[in-house]
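Structure record follows, encoded as structure tokens.
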Amino acid sequence: MIDLIFPDGTKREFEAGITGKAVAASIAISLAKRAVLVKLDGELLDVDRALERGGKFEILSRDAPEALETIRHDVSHILAEAVQELFPGTQVTIGPAIEDGFYYDFARDTPFSLDDLAAIEQRMKEIVDRDEPIVREVWSRDEAIAHFKSIGEIYKAEIIEGIPAGEDVTVYRQGQWKDLCRGPHLPSTKAAGKAFKLTKLAGAYWRGDHRNPMLQRIYGTAWASEADLAAHLHRLEEAEKRDHRKIGKAMDLFHMQEEAKGMIFWHPKGWTLYRTVEAYMRRRLDADGYVEVKAPQIMDREMWERSGHWQKFGKNMFTCETEEGESLAVKPMNCPGHVQIFNHGQKSYRDLPLRMAEFGACHRYEPSGALHGIFRVRAFTQDDAHIFCREDQIEEESTKFVRLLNSIYSDFNMHLDSVKLALRPEERFGTDAVWDVAEQKLDRAARQAVNMPVDPLPGEGAFYGPKLEFHLKDAIGRTWQCGTLQLDYVLPERLDAEYTAEDGSKQRPVMLHRAICGSMERFIGVMIENFAGAFPLWLSPVQVVVTTITSDADDFALKAAATLRARGLRVETDLRNEKINYKIREHSLAKVPVIAVIGRREAEEGKLALRRFGSDGQQILMLDEAANLLASEAQPPDVARQTAERVGEVQAG
RNA sequence: GCCGGAUUAGCUCAGCUGGUAGAGCAGCGGUUUUGUAAACCGAAGGUCACGGGUUCGAAUCCUGUAUCCGGCACCA
């Protein structure tokens, strides 16, 4: 006998080996009909699975949140069944549920076409209608290998070969079709429902390794209901409207062209945005005890060999030769330059921690397929800094850094979402002992500095040290990796950085590599998508458009614009001979935060009618009042905080 | 770099199975002096990404190249 504890706390005794469905039937026939999965001590099981042990027990219907992943997994199997029916000879490999959907990877010589997708989707719906029971079978490992080999499924056989000898495997059968799978699954293909859609085709390497053959991947999305599917598709459309490439073009921020692929031509408005962000970052760094430097863009290859970049990163570096036979390389990272500045002259323990910042323009030869808008480019600027410090200063510096990072993200209406710790990669410098220390130190520092779990990412560290990745979340819940904090014992050693300790001995500093935006270009891209182009006043490239209703108001409009500009506002005038409706519409579509309208009345009275983005209300103010108000609203958040503090002091005084 | 798709006017897009390119918006010229999300009229604008090929004839078919897009791999 086994004891099952139900969600309401009641405990009942059943025969061992009873199925979840039978348990449900013992409560209510309707419940048994709705049951598609059960949960035993947190583990999802098929509803027809014999229960051999007791525990916390729950019966799930297909609209339970836990069932969604299983629905997606089922749909991926239905996809595979449909594909093998329509395209005999195609081999199956793996097909997991993923966020919002699923995919399945097939081995096939001729790739699928977009037209095939419609036919496959049609067949999938037929399979759902067939209501094929999904049945779990336990096979011996060797039997399974022999079977899948016999039917030409060499990838499946290879997967099973990776399972330890002597272990049993499970095979799920639906109709004539079967697949090796861990499960669980819903009771029949009908239970998966038809709220799915095949979305894209892609190539994908077998086992994710580019040395392996490329498989044909079909992606799809699947939901518990048609309404959920529609909502998902709507979210995708909304996200597409925020695409920084689209907004960048529409708002005339930047462009890219063939002759400089992966590099950005910043237009005046885009560059204004860039400069605003850079000026803000510079103030924040200054206030937090950083010194700013500028190191050369190109250095002799020998320098990069000494730092190790040539060996570990050389394939990503742009190089050039001079007529005199020098071999030079364009910097892909700022660290070696900063160590040169550190090394110049003598450093004392009194100089530490030394926080050396640079808006460092880096060039990296990225694979062509990696390029993506202004997110992944070949020329970018890091808001980079290297903190040279003693080992016992690592934690304090990490905490200080995370505090700054949090404050900066929130000034851009975003927030820190998660932290990951990338551990030693295969290609690396330094002994295992050094890596042991570095990983532990950084892990401890991270835990102390952030109030959230730190997930490990094995093998993803930089060649010189482990790295923390800070992922931020934007307005529509998407996450982006921007900030990073890396601990490095290797470069100070290789480039011979040292300082004089209290006892007069020479010591090695450690380096903390850190960035908050990561790449300025990428961060601005994230920001564009976060605000969907509707920037807050302090960031907006054009803050105010002064526009007129009749040409009689032109003189006052020019005077008003000059007054606003004198207060540091970014102002454009629009005196075109167009109806005010037309001008309002155009500047609203351009997401200008403030439109200052001047008609004959305003011109006579020396007033502005302010209209804010997203509102059709008017605020009619005297020019000076409007200038005061807007100038104060346009203060960057850090400046506004300082102003508020000063006002507080004055009032307190 | 790999797999698939796309590339037509400044922008957004039509152009069916080959018969020699079209719209809206913007820009330009004129009329209109306008009160809070599109006034009216007119003229103009294109080696259909680029190079080969098939054909009497190619934006359309084939092929190569480039860039972009979606993935994979890589990554700030």
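Please read all numbers here as calculations on a predicted model, not as lab measurements. In the text below, chain A, chain B and the rest are named by the order of the sequence lines, each starting its count at 1.
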Any donor-acceptor N/O pair under 3.5 Å between [N] base and [X] side chain:
| X | N | answer |
| --- | --- | --- |
| A/Arg376 | B/C75 | yes |
| A/Tyr205 | B/G1 | yes |
| A/Glu366 | B/A76 | yes |
| A/Arg207 | B/A73 | no |
| A/Glu602 | B/G35 | yes |

Counting any heavy atom closer than 4.0 Å, what does [X] reach on the DNA or RNA strands: base, sugar-phosphate only, or nothing?
| X | value |
| --- | --- |
| A/Gly373 | sugar-phosphate |
| A/Phe375 | base |
| A/Ile580 | sugar-phosphate |

When you measure from the centre of the six-membered ring of [Y], is the NZ or CZ of [X] under 6.0 Å away and within 45° of the axis?
| X | Y | value |
| --- | --- | --- |
| A/Lys591 | A/Phe535 | no |
| A/Arg211 | A/Trp206 | no |
| A/Arg378 | A/Tyr365 | yes |

If a pair satisfies salt bridge (Lys or Arg N to Asp or Glu O under 4.0 Å) and one of its residues is in residues 514-529 of chain A, list it, with sequence neighbours excluded. A/Arg478-A/Glu529
Treat primed atoms plus P, OP1 and OP2 as sugar-phosphate and everything else as base, then score nucleotides 59-65 of chain B 5' to 3': B for base contact with protein heavy atoms under 4.0 Å, S for sugar-phosphate contact only, - for none. -------
Modelled atom types, side-chain donor and acceptor of A/Tyr280 and A/Arg282, under 3.5 Å: no
Is the closest side-chain donor-acceptor distance between A/Asp252 and A/His267 under 3.5 Å?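 The criterion, which ignores hydrogens and geometry beyond distance, is satisfied for A/His267 and A/Asp252.
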Would you write out the dot-bracket form of RNA chain B, 5' to 3', with Watson-Crick and G-U pairs under 3.5 Å, [ ] for crossing pairs, | for pairs to other strands and . for unpaired bases? (((((((..((((.....[..))))..((((.......))))......(((((..]....))))))))))))....
From B/A76, B/A37, B/U33, pick the nucleotide closest to the side chain of A/Arg364?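 The nucleotide sitting nearest to the side chain is B/A76.
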Other residues, nucleotides, ligands: >12 heavy atoms within 6.0 Å of A/Lys197 NZ: no
Within 6.0 Å of CG in A/Asp109, more than 12 heavy atoms from elsewhere: no
Distances for protein N/O vs nucleotides 42-47 of chain B N/O pairs under 3.5 angstrom?
none

Check whether any side-chain nitrogen or oxygen of A/Asn581 sits under 4.0 Å from OP1 or OP2 of B/A37, and answer yes or no.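 True: A/Asn581 side-chain N/O within range (under 4.0 Å) of B/A37 OP1/OP2.
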Should A/His372 be listed as having a side-chain N or O under 4.0 Å from OP1 or OP2 of B/C68?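 Result: no.
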Might you list the N or O atoms of the protein lying below 3.5 Å from N or O atoms in nucleotides 11-13 of chain B, with each pair's distance?
| from | atom 1 | to | atom 2 | distance (Å) |
| --- | --- | --- | --- | --- |
| B/U12 | OP1 | A/Lys249 | NZ | 3.0 |

Would you say the ring centroid of [X] lies under 6.0 angstrom from that of [Y]?
| X | Y | value |
| --- | --- | --- |
| A/Phe463 | A/His309 | yes |
| A/Trp480 | A/His471 | no |
| A/Phe412 | A/Phe531 | no |

Quickly work out the A/Lys579 NZ to B/U36 P distance and round it to whole Å.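 Distance, rounded to whole Å: 10 Å.
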If we take the P atom in both B/A14 and B/U31, what is their distance in whole Å?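 Their P atoms lie roughly 38 Å apart.
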When rounded to the nearest Å, what value does the distance between C1' atoms of B/C69 and B/A38 take? 31 Å
Atom pairs, protein N/O to nucleotides 3-9 of chain B N/O, distance under 3.5 Å:
| from | atom 1 | to | atom 2 | distance (Å) |
| --- | --- | --- | --- | --- |
| B/C3 | O2 | A/Gly203 | N | 3.3 |

